[in-house]
Amino acid sequence: KIPIQDHARQRIAQVVDVIAAAVHSGFLPAAPKKDACEYCDYRPVCGPYEEQRAGKKQQARVEDLVEIRRLP
């Protein structure tokens, strides 16, 4: 058993809420970080331009994802 502190529980809940909202809305975008596609195993599926396509998406719709990526 691993004890989890209150701040960790809050972060976990935040991440789960973001994932649940994305699943509920059906919006699960590819939103790679800069240069992440260079070494990604899924590049043959997405193609070489996913990073550019992701930049054209409505940034407000991926803001929750960006926010949880900033969590320590």
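Just so it is clear, the model here is predicted, and its values are computed rather than measured.
- Counting heavy atoms from C-beta on, the side chains of Pro72 and Arg11 come closer than 4.5 Å.
- In this structure, Ile12 is not a member of the same hydrophobic cluster as Leu71, with clusters built from ILVMFWY side-chain heavy atoms closer than 4.5 Å.
- Contact record, Ser25 with Ala22: OG-O, 3.2 Å, taken as the closest heavy-atom pair.
- Rounding to the nearest 0.5 angstrom, the gap separating the CD atom in Glu51 from the SG atom in Cys46 is 11.5 Å.
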Exercise. Should Glu63 and Arg70 be marked as a salt bridge (Lys or Arg N to Asp or Glu O under 4.0 Å) after you check the CA-CA gap, both sets of side-chain angles, and the distance that decides it?
Worked result: CA-CA 11 Å; Glu63 186 57 37; Arg70 290 184 189 135; 3.5 Å; yes

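- Here the side chains of Asp17 and Gln14 are not in contact, with every heavy-atom distance at 4.5 Å or above.
- From Ile19, atom CD1 reaches atom CG of Leu28 across 9.5 Å, with rounding to the nearest 0.5 Å.
- Ile68 has its side chain out of reach of Asp64: every pair of non-hydrogen atoms, C-beta onward, lies at least 4.5 Å apart.
- Heavy-atom neighbours of Gln52 CD from other residues, nucleotides or ligands within 6.0 Å: above the threshold of 12.
- The shortest heavy-atom contact between Ala31 and Ala54 is CA-CB, 4.2 Å.
- At least one side-chain heavy atom of Arg43 sits less than 4.5 Å from a side-chain heavy atom of Pro48.
- Within a 6.0 Å sphere centred on OH of Tyr42, heavy atoms belonging to other residues, nucleotides or ligands number 12 at most.
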